Amino acid sequence: MWTGIAVIAAIVVILLVAGFNRLVRLRQNVRESWSAIDTELKRRYDLIPNLVEAVKGYASHEKSTLEEVVAARNSAAANEGSPLKQVGTENNLTQSIGRLFAIAESYPQLKASESFQQLQSQLADTETRISQARRFYNANVREMNTAVMTFPSSLLSRMFGFGMEEYFEIQDPTQREVTQVKL
């Protein structure tokens with residue numbers, strides 16, 4: 001009889017430890033994938049001043065737009081909050097970069113500049129990498145949130161203080177619109 005109780009107790013302990021370790025592993029995956037996004041965001045922040053300088057040489061009278069891009073970049077770079085808090089500053093930065101590229105369209109010499117083209121290409125590559133990292137992060141968040149909400153791990157998550165993680169999502173409705181291609 002005592003051996004049966006000991007076996008059941010051992011099984012319960014093993015299940016608790018395995019469940020706890022799974023939640024820890026999931027939380028670490030979320031943190032690691034956020035770090036990948038953070039790295040790409042920092043890369044973008046480093047590219048933007050060079051891009052602004054390239055545009056400034058051709059479009060110096062567009063000072064307010066250039067200042068807006070720099071301010072948006074500084075705001076986004078300074079935001080060390082949660083993904084939900086960073087989405088707003090990142091969306092603002094993306095919009096201001098879009099306005100910067102719209103200005104560049106008005107200057108054929110700027111568009112033809114090799115340094116501007118390289119910076120634009122690097123920024124596009126970085127945006128792609130951010131998008132990929134965001135998808136990876138959101139997949140890890142989904143897995144973590146599923147574990148936190150489903151039984152029996154929901155009991156462990158409450159017991160050990162594991163909570164829901166925030167998705168890193170686009171909140172600007174214009175970024176969800178389909179781009180119109182005109183030939």
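Please read all numbers here as calculations on a predicted model, not as lab measurements. Note: hydrogens, waters and symmetry copies are ignored here, and every other heavy atom, side chains too, is used.
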Listing, residues 71-87 side-chain donor-acceptor contacts under 3.5 Å, not counting sequence neighbours, or none:
unit_1	atom_1	unit_2	atom_2	d
Arg73	NE	Tyr45	O	2.8
Arg73	NH2	Tyr45	O	3.2
Asn74	ND2	Val70	O	3.4
Asn79	OD1	Gly81	N	2.9
Asn79	ND2	Lys85	O	3.0
Asn79	ND2	Thr89	OG1	3.3
Ser82	OG	Lys85	N	3.3
Ser82	OG	Glu166	OE1	2.9
Gln86	NE2	Asn79	O	3.2

Could you give the side-chain donor-acceptor pairs of residues 101-108 under 3.5 Å, partners two or more places apart or in another chain?
unit_1	atom_1	unit_2	atom_2	d
Glu105	OE1	Lys111	NZ	3.2
Tyr107	OH	His61	NE2	2.8

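By the 4.5 Å heavy-atom criterion applied to side chains, Phe20 and Met159 are not counted as neighbours. Residues Leu93 and Arg44 have side chains in contact (heavy-atom distance under 4.5 Å, counting atoms from C-beta outward). Between Leu15 and Ile11 the shortest side-chain heavy-atom distance falls below 4.5 Å. Under the 4.5 Å side-chain criterion, counting only non-hydrogen atoms from C-beta, Phe116 is in contact with Val55. At least one side-chain heavy atom of Phe168 sits less than 4.5 Å from a side-chain heavy atom of Ile37. Counting heavy atoms from C-beta on, the side chains of Arg43 and Thr39 never come closer than 4.5 Å.
Looking at Thr128, its side chain does come within 3.5 Å of a backbone N or O of Ala124 through a donor-acceptor pair. Under the 3.5 Å distance criterion, the side-chain polar atoms of Ser35 are left unmatched by any main-chain donor or acceptor of Arg31. Panel note: side chain Ser121, backbone Gln117; no donor-acceptor pair is recorded below 3.5 Å.
Cluster partners of Val17 are Val13, counting Ile, Leu, Val, Met, Phe, Trp and Tyr whose side-chain heavy atoms approach within less than 4.5 Å, directly or via other members. Clustering of Ile, Leu, Val, Met, Phe, Trp and Tyr side chains at separations under 4.5 Å leaves Phe136 isolated, with no partner residue.
A distance of 8.5 Å separates CD of Gln132 from CZ of Arg129, quoted to the nearest 0.5 Å. The CD atom of Glu127 sits 5.5 Å away from the CD1 atom of Ile97 when rounded to the nearest 0.5 Å. Put simply, CZ on Arg99 and OG1 on Thr94 are 10.5 Å apart, with the number rounded to the nearest 0.5 Å.
In this structure, Val141 and Glu165 approach most closely via the heavy-atom pair CG1-O, 3.6 Å. Of all the heavy atoms in Met144 and Gly163, the pair that sits closest is CE-O, 4.1 Å. Contact record, Ile130 with Glu40: CG1-CB, 3.4 Å, taken as the closest heavy-atom pair.
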side-chain contact (heavy atoms from CB on, under 4.5 Å) for Gln120 and Leu123? Distances and angles first, verdict last.
CA-CA 5 Å; Gln120 191 173 17; Leu123 188 60; 5.8 Å; no

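Cluster membership check: Leu41 shares its hydrophobic cluster with Tyr167, using side-chain heavy-atom separations under 4.5 Å among Ile, Leu, Val, Met, Phe, Trp and Tyr. Connection of Phe160 to Val12 is established within a shared hydrophobic cluster, with ILVMFWY side chains joined at heavy-atom distances below 4.5 Å, either directly or through further cluster members.
Sequence neighbours left out, the pairs with a member in residues 134-159 that pass side-chain hydrogen bond (donor to acceptor under 3.5 Å, both in side chains) are Ser33-Asn140, Ser131-Arg135.
Evaluation of the side chain to side chain donor-acceptor pair (under 3.5 Å) rule for Asp46 yields no partner, not counting sequence neighbours.
The neighbour count for Met164 CE, taken as heavy atoms of other residues, nucleotides or ligands under 6.0 Å away, is above 12.
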